Every structure is written in C-alpha cells, then in structure tokens.
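The structure under discussion appears below in the form of structure tokens.
Just so you know, these numbers come straight off a predicted model, no measurement behind them.
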Protein chains: 2
Amino acid sequence: MTSHPVIDALLAELGADAVITHADSLEAYRHDRANDPNAGTPLAVVRAASTEDVQAAVRIAAREGVAIVPRGAGSGLSGGSSAVDGAIVISLERMRQIAIDPTVQMAVVQPGAFNAEVKAAAAAHGLWYPPDPSSQEFCSIGGNVATNAGGLCCVKYGVTTDYVLGLTVVLADGRAVKLGGPRLKDVAGLSLTKLFVGSEGTLGIVTEIVLRLIPAQQPPTTLVAMFPTLAGAMQAVVDIKAAMRPSMLEFMDQVAINAVEDVMRMELDRTAAAMLLVQSDESEAVAAAQIVAIEAFCEAAGATECYATSDPDESEALIEARRMAIPAVERRGALLLEDVGVPLPHLGDLVEGVAQIAERNGVEISIVAHAGDGNTHPLLVFDREDAVQSTRAERAFGEVMDLAMELGGTITGEHGVGRLKQPWLADYLGDDVLELNLRIKRALDPDNIMNPGAVFGPL
Amino acid sequence: MTSHPVIDALLAELGADAVITHADSLEAYRHDRANDPNAGTPLAVVRAASTEDVQAAVRIAAREGVAIVPRGAGSGLSGGSSAVDGAIVISLERMRQIAIDPTVQMAVVQPGAFNAEVKAAAAAHGLWYPPDPSSQEFCSIGGNVATNAGGLCCVKYGVTTDYVLGLTVVLADGRAVKLGGPRLKDVAGLSLTKLFVGSEGTLGIVTEIVLRLIPAQQPPTTLVAMFPTLAGAMQAVVDIKAAMRPSMLEFMDQVAINAVEDVMRMELDRTAAAMLLVQSDESEAVAAAQIVAIEAFCEAAGATECYATSDPDESEALIEARRMAIPAVERRGALLLEDVGVPLPHLGDLVEGVAQIAERNGVEISIVAHAGDGNTHPLLVFDREDAVQSTRAERAFGEVMDLAMELGGTITGEHGVGRLKQPWLADYLGDDVLELNLRIKRALDPDNIMNPGAVFGPL
C-alpha cells in the first residue's frame, strides 16, 4: 500500500480507528439521500469524536489544500454531502451527546444526534424541540442546522434557526469558535450564529449546538379532508391560514394518496384529487372551535369527506401517512425531489403549473406539501436506467424551479441548495445578492476548502 | 454661505426639503438617548423618504469617502446613532408605511414606523407583533432590527430576529438588495437576512422589513410579588422558569420601586427589597393553575405580598409601572444604562455583584431586569456635572460588564454595542470571534463608511 501524506497525517493525528480509507468503506460516504450521480470519491473519511478531532482534520486539509465535505446522517436531499474526488469527508456520526438543562429550557447537542433523539431527550423533561423534518427518525441535528431544516410544525412553530441560540464552529483554518450561547438575548457583535445556520458546511463545521426548547405540545386534534379538485384544496388552505394559525397544514395529491394507501392500507379515498391534513394544538375549547371552522372551510371549498380525531394514536397514524408519502412514492421509481416554495396566495398557481410541466415533459410529478407555509415537494418519478426519461425529469426539475421563481417563490424552502440546485441559485438570488454571498464565503473560507461545489459551485 | 461638494451633491439629488445643514437643526440629530458625550457634529442630515433616497445619499457618501450614520427614532441606549464629525446622518423618520397582509400573517414595514404603530396595525387584523421594548411608543422598528431589540415578552416569544423574514438593505456602495421575503421557509443561499439583523448599521441600511405576525395574545393574568430580600426574588425567578414558561417575568429593586412610586402612586410597598411582575397568557384554566404555582414559588422564597389580577386595565397599569422604571429612576440624576445578561442560574450572583460594585465605587445602582431571560438593566445614577461622580460611574459601568463576562454572560442583551460599549466588545468576543466579525465587516464595507466607530471602533 502506497503512503499518502494527507492520509499519513490523519492517521498520525487521529488514529486508525477514526480514519477510513478502504475503497469499499468509502463507498458508503459518497452519497447522501439525493443520490447525486456526480458525487466523487473521497480520499478518506474522518469519523470525528470531538471538536478537537474536527480541528485536527481541518488543519491538515488547510495545510495540504485538500477539500472538506462535512457529513451528518447522510439524509440530505440536495447533495450537500455528495463527496468530492480527493476530499476528506468529515463525518459527525459519532458525536451524538445530548444534554438537557430544564432550568433554562435549553439543550446542548452534538451534531450527529438525530432530530428524534433530541426531541425524546427534551420530552423526558416535559420539553419540546419543535422542528420536525419528515426524516426526523434518521436525520441529524447538525444536518438540520446546516440546511436550516423545516418540517410539518413550522407553519406555527418556525424553522431550525428559530431555535438555535449558540454554535461551536470549526473554521476553515482549523480554529474553533463559540458563537452565541445559552442566552435568550445577546446582541454583542454580528449575528454570526444565525449566519452559520443554513450555510450547508460552506463556512465551517458545526460541532456543538445550543438549542432553545419550549414546553411540551398540547395533544393536537387532527382533521383529514378529501377533495375532488386540487383547486378546492388550495382554496381551503388559503382560507384556513387567513383565519387562524393551525399547528400543521399538509397536502397530498392523488398519486401520493394512492402510494401511501398501497403501503399503509388506511382506507384513504383513492379517487380523491387531494387530501389535507390539519392540526390544532390549542387548548381543548379553542381547538374544538378551530376544527369546526376548518371543517367549514373545507366543505365550502368542496371537500367530500372530513374526519376529525383527538385520539393521539389515530392522529399519529395520519401524520405517519404524510411522512410516508415520499418513501411511498419512491417505490414507483427514482425520484428527483423538489422543494420549491411560494407566497401562500400563489400556491394554487404553483400546483397547477407543476401539473402542466409534468404533462408537457411526459413525466410523472406527484406533489406533497407543507401547504400552510407554501412549501411544496413536487416528486418527479422516473426510471434512472432510461436516458430519455432521465433527461425529461431533469428538464422538468429545472422548470419547476423557474415556475416557483416566476411566482415570487424560492428554489428551496428547507432542503438546501446542496449540489443539485446550485445551477439555479444565481437566477434566484440575482447578481447582487449572489455577489454578497460570495463576499462572505471568500472572507471566511478564502481557499474554498469547505464543501467546495456545494451551494455556490466552482469559485 | 460657502459651498461644500457633498452638500451640493445631496441638494442636487434629493432637494432642499430632504437635506438639513443648518447648525441649529443638526443639533437634534447628534445624539440618541444614550447622550454620548463624544458624539460629533454631522455635515448634513438626509431625511430619506424612500429606498432610492437612501441609495442616492449612500452613493454620494461612497464617492466622496464620507461616513454615514443611520438613524431611526433616536431612542437608542448605546450610542449606535451618535453622530460622527463630518458624516451624513441618514434619518429614516419619514419612512413610516405599514402594510399588513392577514392572509399570510405578515407585515411589510418601513424602518421609521414606531414599534407600537406596527403592533397597532397588526392588532387591527387580530394579529400581534410580539417584541416589546419598554420604549415601544417611541422607538422605531428599524432601530429594533438594527439592535435585534428585545423587551418584556421575549422570555416566551423571542426577540426581533425571530420575527424578521425579509429585509431590503442599501449596501455600502449604494446598491439596494432584497434579502429573504414573505416566505416562512427559504434556505437558498446564506442567511443574510439574519446577519443584517443586529448589525447596528455597520453593514448597510435597512429600508424595508418583512415581519412575521402571530395571532393576538390571550388576555394575560398578572401577578405582583414583593420580597424582603433580593436573594428571595432571584430564587423565585429560577424556580418559576424551571417549572413553566411565563409570558413575562420582570424584576425591580427597591430604588426602582420607590422611583416608580414617586411618579405613579400605585401603593407599592416602598420597604420591599424587590418586586417581581409575572404573567401567564395561557388559556384560562392553564393560566389559573400557573398563577397558583407562581404564587407558591414566590411565597416559598419569602414573598411578603402576592397580588394577582386578570383585569386587563390593572394588568396594563402594573406593566406600565415596570416600563416607567427607567424614566422614573432617571429623575434622580444622569443615567448610565447597563444591559448585561447572564445564564439564568447566575442571575443572583450578578445582582449581588452589582450591589458590591455600587458600594465599592460609591455610586448608586438600581436594577430592573427582564429576569426570566437573565437580562438585567443596572441603572447607574450620577451627577453629570460632578467630575468625581462621573468617573466613578464610568468605572462601575465597566466593572458591571466585566462581572457579567465572568459569570458567562453578555455585555449587551438587547440594546446593542453602539459606541458606549465598543471598548468591551473585544474582551467579550475574544480575538477569534472579533476577527471573524471584522472579516465580514470588511467584506461588506471595505471603506468603513457605514456607521464607523459603532460596534467595532476604529478599523
């Protein structure tokens, strides 16, 4: 076996147990859930156990001019953790400590801990960490911070950044800094904590996170409504949102309903064009009144069936159906997973436009959506082995983002730009805002070693 | 009158109505509420009426190498709007439009609108903009964004940045950019919106703000508790916070109680060492149970008197007493107003340490505090005409910040660094984080024309 100066340095600093270099083992670290076909092969994977480990690896990379790709649980959907040829992948999968401080209602968490583990640790103290990506059982909190992840409860409870009070970050030169901390208020200096949230590993590597927790959620009441038309469901979303603040307002189209029904056998109406899943977690009397109002809005918009339940298990089963939608649709073929969002009044235009894109390109596109905040996931289903289908799907993928931008929306609401959406970022941000982004990227990572190619493409 | 190229250019671009150059009129724009003794005299004040006005003024300043000091309502407490000799002050006082969109529960606001005006406009649609600095009747929303302002409700509802979804910003070269927007979720590119919140005018000038609103608050129940000892009140704060999430948890010491009583005649117990003001805005049954628990915690910690009310007018009068504390204490002399915060378990140590600093320096220091989030306002009272007292007060001002840092706290929780606290920023942040701040400052404002001397001092 030939020696490589970078690998030798990593082994010397971190030990053989923390450094993976065998080709077979590297393979598992090349892709995240986006299955980026352009993912490279790393030189080595460092399985860091501490901030110091991450610093040691970054110092070696900086000295040798080698790229770094940070990686949490590998559940990313935009290729933010796609490996780069010759890079060091720094995996945070071993850093999973969680400490809850109920006195100040905060958590100090290492980035490799899963979202659901943080929720469970908080729940043991009667507390709640709200952000809830559908992947909560297998996505890491570090990845959530990297992408400013959302989820189902964001319509009422906001996104990841709203809960991040402090970060420990390893910078591109290997220094570790503490930003913010366990203080609800702190305005001394620039808001660097918030800048690093959503930076997708392009500015530094987060090795510890201070999270704000809130008291446990009230048991919610859940309503399911089935609609014969997409337009009716969209109208109900706008009407409900204008009248109240539900704790969940989710949408599934006919393809998604059927895909879920195939897997879960929940007796969902397979003929319905659309389904809404709405929750209220207000106190009993208020929730009851809200559910009555929600049902009235749905019926006025043409809902053929409304069913409400305050049984926790039944509620959870319905939400599980929604969380299953993406994996269920994935059984139909390869997926290109969209994440476009528009201001709520344009949600109907987006859904209708996506249907036209599907028809024009001869591609199947199913839509599930965090409808209440205008964030949709058009799922482009295709056969990866079929070159014609793949080309059509890629074209449609771009057209969906173009449509969202035309409607005043974003190319990514919660998954991140990663590598798959990088070609569209310039169009979305415009020259001036892109240039502002690049000025900060260059100021913090002048040699472009932190996750190069992600978000910004070649610099 | 001699002609000046910068003034000539401002007049030519903006018209005489928008440009103030007379010495008498300039005087009113030299200070904010911090009364910075080192404030300079500007060359001119531009009273901008639009983003384009701000751009025109910034372009002239950039071309001529003249400093810019942005200014909202002039209510800042850290000298962030102190004028600089020869600078152009850009006043946003004319830009006060407010548009509420109830469909998406958002507001689009110009920076000169007062905080209370935004609240009132939201309330007309059954909505609420939570952040509530005590100065809400006379502070601007632009200033709130510049300092990431807090207030009384932050213990439950968070601070300004938690409600900012989008900004229009005029950059140091005069370009205007839109960051974020009316989308609850948007992760395309770096979180620049959040970076500009709290940047105190050092990176650009905010000319429009998109705010997230939430449904109107439930009518709160308010409890007042009087304590014979500071330690007892501090214990009650920690106990209450660990058990629930009150919507307000405020503290006043004996000096503040007496100062407020002098002005408002509310029959507060002048012999008490401390007073807590606690609110619950949960639904009726939950709030009632919380108030019972709060009272029990206060009594266990030695409270001599507890009084609860759910009468809205009575509640408002009690909160008004707390908001009056700073102006009431100000009647006793000039104030140096502190804004230090510590992790909640160290609140008692901070209050006790401040008393020692007062005694050691022979200075009167009264404390009011947003106790529930560990954010305190020690008020240093002195006679500005008395050189010995002034020196002592300044020394004590620094010692309070040093103490907060020793206790793991911040030098400013919600007022900003401005110019008064700039000398302490390096100590607080440490070399690495300060350098990170400066890299971003230099990347966005390479010629240091945006509010020079604020936050970072001379560059």
Any heavy-atom pair between the side chains of B/Thr202 and A/Leu190 that's under 4.5 Å? yes
Could you tell me which portion of A/Leu179 (side chain, backbone, both or neither) has an atom closer than 4.5 angstrom to a non-hydrogen atom of chain B? side chain
For the OG1 atom of A/Thr412 and the NZ atom of A/Lys421, what is their distance to the nearest 0.5 Å? 5.0 Å
Counting heavy-atom pairs under 4.5 angstrom with chain A, the leader among B/Thr410, B/Val187, B/Ile214 is B/Val187
Measuring from A/Asp373:CG to A/Cys153:SG, what's the distance to the nearest 0.5 Å? 9.5 Å
Residue part contacting chain B, namely of A/Arg442, when any heavy atom lies under 4.5 Å: neither
For the backbone of A/Ala172 and the side chain of A/Asp445, can you confirm whether one donor and one acceptor N or O come within less than 3.5 Å of each other? no
Roughly how far apart are A/Asp432 CG and B/Arg175 CZ, rounded to 0.5 Å? 4.5 Å
Side chain, backbone, both or neither of B/Leu203 within contact of chain A (heavy atoms, under 4.5 Å): side chain
For A/Pro102, is it the side chain, the backbone, both, or neither that has a heavy atom closer than 4.5 Å to a heavy atom of chain B? backbone
Is any side-chain heavy atom of A/Leu171 closer than 4.5 Å to one of A/Leu444? no
What part of A/Val159 gets within 4.5 angstrom of chain B, counting heavy atoms only: side chain, backbone, both, or neither? side chain
Per-residue contact mode, A/Leu429 against chain B (heavy atom under 4.5 angstrom): side chain
Among the options B/Ile411, B/Val417, B/Leu192, pick out the one with the most heavy-atom pairs lying under 4.5 Å from chain A. B/Leu192
Between B/Asn437, B/Asp239, B/Ile440, which residue shows the highest count of heavy-atom pairs closer than 4.5 Å to chain A? B/Asn437
Per-residue tally against chain B (heavy atom, under 4.5 Å) across A/Leu425, A/Val342, A/Val455 peaks at A/Leu425
If you measure from OG1 on A/Thr160 to CG on A/Asn144, what distance do you get to the nearest 0.5 Å? 5.0 Å
Most contacts with chain B, counted as non-hydrogen pairs under 4.5 angstrom, among A/Gly413, A/Pro345, A/Ala242: A/Gly413
Choice from A/Cys154, A/Gly150, A/Ala285 maximising heavy atom contacts with chain B below 4.5 Å: A/Cys154
Between A/Ser78, A/Ala176, A/Pro215, which has the largest tally of heavy atom pairs under 4.5 Å with chain B? A/Pro215
Under 4.5 Å from any heavy atom of chain A, what part of B/Arg439 do you find: side chain, backbone, both or neither? both
Is B/His125 in contact with chain A via its backbone, its side chain, both, or neither, using a 4.5 Å heavy-atom distance? neither
Nearest 0.5 angstrom please: A/Leu195 CG to B/Leu436 CG, how far? 8.5 Å
Using the rule given for salt bridge (Lys or Arg N to Asp or Glu O under 4.0 Å), can you reason through A/Asp281 versus A/Lys156, listing the C-alpha separation, both sets of side-chain angles and the distance that settles it, and then say yes or no? CA-CA 10 Å; A/Asp281 64 356; A/Lys156 180 167 181 180; 2.7 Å; yes
Interface residue of largest heavy-atom contact number with chain A, from B/Val197, B/Val104, B/Thr103, under 4.5 Å: B/Thr103
Using the ring of each side chain (for Trp, its six-membered ring), is B/His377 parallel, tilted or perpendicular to B/His415, with breaks at 30° and 60°? parallel
Would you mind checking which part of B/Glu435 comes under 4.5 Å of any heavy atom in chain A, side chain (CB onward), backbone (N, CA, C, O), both or neither? side chain
Residue among A/Gly374, A/Gly189, A/Gly341, A/Ser283 with most heavy-atom pairs under 4.5 Å to chain B: A/Gly189
Looking at B/Ala188, B/Ala443, B/Gly430, B/Pro182, which has the largest count of heavy-atom pairs under 4.5 Å with chain A? B/Ala188
Top residue by heavy-atom pair count (under 4.5 Å) with chain A, among B/Lys185, B/Glu200, B/Lys178? B/Lys185
Quick one: which of A/Leu127, A/Val238, A/Val433 has the most heavy-atom pairs under 4.5 Å with chain B, could you say? A/Val433
Between A/Glu284 and chain B, which part of the residue has a heavy atom less than 4.5 Å away: side chain, backbone, both or neither? neither
Tell me yes or no: between the side chains of A/Asp186 and B/Tyr428, is some donor less than 3.5 Å from an acceptor? yes
Taking side chain to side chain donor-acceptor pair (under 3.5 Å) as the cut-off, I'd like each qualifying pair that reaches into residues 189-199 of chain A, sequence neighbours left out, listed once. none
Heavy-atom proximity to chain B below 4.5 Å, by part of A/Gln105: side chain
Please examine the side chains of B/Lys441 and B/Met450, heavy atoms only from C-beta on, and report whether any two atoms are closer than 4.5 Å. yes
Nearest-0.5 Å distance that lies between atom CG in B/Leu165 and atom CG in B/Leu213: 9.0 Å
Measure distances from B/Met106 to the heavy atoms of chain A and classify the residue's part below 4.5 Å as side chain, backbone, both or neither. neither
Under 4.5 Å from a heavy atom of chain B, the part of A/Asn375 involved: side chain
Under 4.5 Å between any side-chain heavy atoms of A/Glu338 and A/Met401, yes or no? yes
